Number of protein chains: 2
Amino acid sequence: MSGKMSDKISDETKPHGGAGDEKILAPAAEGGARKYHHGALREALLERAVVILGEQGIEKLSLRGLARDLGVSHAAPARHFANKGELLSAIASEGYQRLTAATTKAAVGVESAVERLRAMGRASVRWAMDNRSFYSAIMNPDVNRYADPGLTASLQAYIATVAEAFAEAQHEGWQPRSRLQALQIFGFAATIGASVIFSDPLHRKLFGNLDDEKLIEEIIDLVIPVE
Amino acid sequence: MSGKMSDKISDETKPHGGAGDEKILAPAAEGGARKYHHGALREALLERAVVILGEQGIEKLSLRGLARDLGVSHAAPARHFANKGELLSAIASEGYQRLTAATTKAAVGVESAVERLRAMGRASVRWAMDNRSFYSAIMNPDVNRYADPGLTASLQAYIATVAEAFAEAQHEGWQPRSRLQALQIFGFAATIGASVIFSDPLHRKLFGNLDDEKLIEEIIDLVIPVE
DNA sequence: CCCCAATGTTGACACTGACAACATTATCTA
DNA sequence: TAGATAATGTTGTCAGTGTCAACATTGGGG
């Protein structure tokens, strides 16, 4: 992704061939493949942005930088994302969709509603740890402040998925004396907080040695006690 | 804070008077006071930055913008903060110091360690809600990624304060069967999560009507049950 | 093949951060 | 009190970024 590599890719822009919606350019004679397929820039931008996010953080992310990395003109990304804010909303939205999918998958085949809840909690924290780039976008206050409708909808869907699981657990008799809304907010709070602590390098550093698997299970026990 | 206002303030730069370390310039003849005292720019920058943070978010914050707002030359802020990252670290560090102070204050005069813990939890969440600008800096993944030693120390101090409170509570017999580290991580997780949910506008919106006082108390009951 | 929409390019401009040289203010010491 | 030095603020310049508009290329449909 050096500037030198970008120069090579620019030369590949000229020869246009192929047909159908699979616009794959032939590898350049000098070796190296084009960084994206014409018409698939949006996906390439998202993908590259997530990498930059993980390596350097949000402030260092720029549309021009992405354009350079992918060998397109500096204003091309603006065809897909009006501005950086829209790009970040898309990343966070994608993140929530993946988080929701991971959470939902964890509950599949689990009979008891309480055990489903526990499995979902585990999956959420583990997902945040394994997808720090996405999670850093999801937890960015500015991204939330300027969230577009797609991001709002994705977060709403995630909330609904988990909230429903809490309702089912209480319906099965779990924590009958607590108000459902309180249980739900509590569960979300613990999940968000644990995800931050276990995924953010600074927090991890300051909390000292964290035996992830053991601690996460202990916390699940505290949040969702099984009598 | 318009450019026009900046022009007026620039005119006030010329007459230097007064003595001692209280360098207050006389109000301009046309009205309006200078935005900062010479030598007190650092404080003025921090103060103004927190306002911008709250009104527009981090991305919109710029050193040049602050310089303009305060009527100083564009590069003056760099005398106090090498870059934006340093400014944000300072804000987050100040935030943690205030959060720690609020948390500590809430525990004063409370006899029982468990009640102290509950009071501290309440104070933390309430503080985040009342200081959204600071909390948005504190919770910004980039700010944490590029935290300077001052910020790291402030976060460490906050963690130590609360962790100690958990240790005292368990020492008094609270939750004897749980491992202390798990209780502490759990408590921090719940606090961080609740603070995010109750302070972030997007989260508040999607979680629907939140009866703050009641819910916070219910969550405290779930995190720190009193038998 | 032609038309039009989608997508990508180019050039220009305003804004931001960074840097260096210079200017002003504040502090300290003899 | 004067002089030296440090701290602080100013000015100008340059590179990088976002934004905009006009233009060019690619893709899809009739």
Side-chain angles (χ1 to χ4, degrees), chain A residues 3 6-7 9-25 34-46 49 52 56-88 142 146, chain B residues 3 6-7 9-25 34-46 49 52 56-88 142 146:
Chain A
S6 298
D7 291 337
I9 294 161
S10 298
D11 291 335
E12 293 173 355
T13 307
K14 300 170 185 174
H16 290 296
D21 56 346
E22 190 64 40
K23 283 292 179 181
I24 303 179
L25 291 178
R34 188 184 183 92
K35 291 294 187 300
Y36 80 100
H37 307 155
H38 187 90
L41 181 57
R42 191 177 195 278
E43 292 311 312
L45 286 168
L46 279 171
I52 298 298
Q56 301 170 47
I58 287 187
E59 204 72 22
K60 297 284 169 55
L61 180 66
S62 75
L63 295 183
R64 280 199 183 215
L66 293 179
R68 247 188 334 262
D69 290 349
L70 299 180
V72 296
S73 65
H74 73 87
R79 288 295 177 178
H80 303 280
F81 303 102
N83 49 54
K84 189 172 167 181
E86 234 184 71
L87 171 65
L88 291 171
D142 260 34
Y146 296 109
Chain B
S6 298
D7 291 338
I9 293 161
S10 297
D11 289 337
E12 293 172 355
T13 308
K14 300 171 185 173
H16 290 296
D21 54 347
E22 189 64 41
K23 281 290 177 182
I24 302 179
L25 292 178
R34 185 183 183 91
K35 292 295 187 298
Y36 80 100
H37 308 154
H38 186 90
L41 180 58
R42 191 177 194 278
E43 293 310 313
L45 287 168
L46 279 171
I52 298 297
Q56 301 171 48
I58 287 187
E59 203 73 21
K60 297 284 169 55
L61 180 66
S62 75
L63 296 183
R64 282 198 181 216
L66 292 179
R68 249 188 330 262
D69 290 350
L70 299 180
V72 295
S73 66
H74 73 88
R79 289 293 179 182
H80 303 279
F81 304 103
N83 50 53
K84 188 171 166 182
E86 233 184 75
L87 170 65
L88 291 171
D142 258 34
Y146 296 108

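Letters go in sequence order (proteins before strands), and every chain restarts at 1. Values in this document were obtained by computation on a predicted structure and should not be read as measured data.
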Rounded to whole angstrom units, what separation is found between the [atom1] atom of [X] and the [atom2] atom of [N]?
| X | N | atom1 | atom2 | answer |
| --- | --- | --- | --- | --- |
| B:I52 | C:dT16 | CD1 | P | 11 Å |
| B:L63 | C:dC19 | CG | P | 13 Å |
| B:L61 | C:dG17 | CG | P | 8 Å |
| B:F81 | D:dG9 | CZ | C1' | 15 Å |
| B:L66 | C:dG17 | CG | P | 9 Å |
| B:R68 | C:dG17 | CZ | P | 9 Å |
| A:L41 | C:dG8 | CG | P | 5 Å |
| B:L70 | D:dG9 | CG | P | 10 Å |

Looking only at side-chain atoms of B:R79, point me to the closest of C:dA21, D:dT19, C:dA18.
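Ranking C:dA21, D:dT19, C:dA18 by closest atom to the B:R79 side chain puts C:dA21 first.
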By nearest atom, which of the nucleotides D:dT17, C:dT10, D:dT13 is closest to the A:H74 side chain?
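Out of D:dT17, C:dT10, D:dT13, the nucleotide with an atom closest to A:H74's side chain is C:dT10.
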Would the distance check show the side chain of B:D142 and the main-chain N or O of A:G57 forming a donor-acceptor pair, the cut-off being under 3.5 Å?
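Pair absent, no side-chain N/O of B:D142 close to backbone of A:G57.
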B:L46 versus B:H80: any side-chain heavy-atom pair under 4.5 Å?
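They are not in contact (no side-chain heavy atoms under 4.5 Å apart), so the answer is no.
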Compare all side-chain heavy atoms of B:L41 with those of B:R79 and state whether any distance is below 4.5 angstrom.
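Side-chain contact under 4.5 Å: no.
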Whether the side chain of A:R64 and the base of D:dG16 hold a donor-acceptor pair under 3.5 Å is what I'd like checked.
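When only heavy-atom distances are counted, A:R64 does not reach the base of D:dG16 through any donor-acceptor pair under 3.5 Å.
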With heavy atoms under 4.0 Å as the rule, sort A:A78 into base, sugar-phosphate or nothing.
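Here A:A78 touches no strand at all.
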Closest non-hydrogen atom pair, B:E86 against B:F81:
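Heavy atoms of B:E86 and B:F81 come nearest at OE1-CA, 3.7 Å.
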Using heavy-atom distances to pick each residue's nearest nucleotide on DNA chain C, tell me which of B:A75 and A:H80 is more 5'.
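Closer to the 5' end of DNA chain C: A:H80.
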Counting only side-chain nitrogens and oxygens, does B:R42 get under 4.0 Å of the OP1 or OP2 atom of D:dT8?
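So the side chain of B:R42 is outside the cut-off, no N or O lying under 4.0 Å from OP1 or OP2 of D:dT8.
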Counting just side-chain N and O atoms, does B:S73 come under 4.0 Å of either OP1 or OP2 of D:dT11?
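So the side chain of B:S73 is outside the cut-off, no N or O lying under 4.0 Å from OP1 or OP2 of D:dT11.
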From CD (B:E59) to CG (A:L88), nearest 0.5 Å
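These two atoms lie 7.0 Å from each other.
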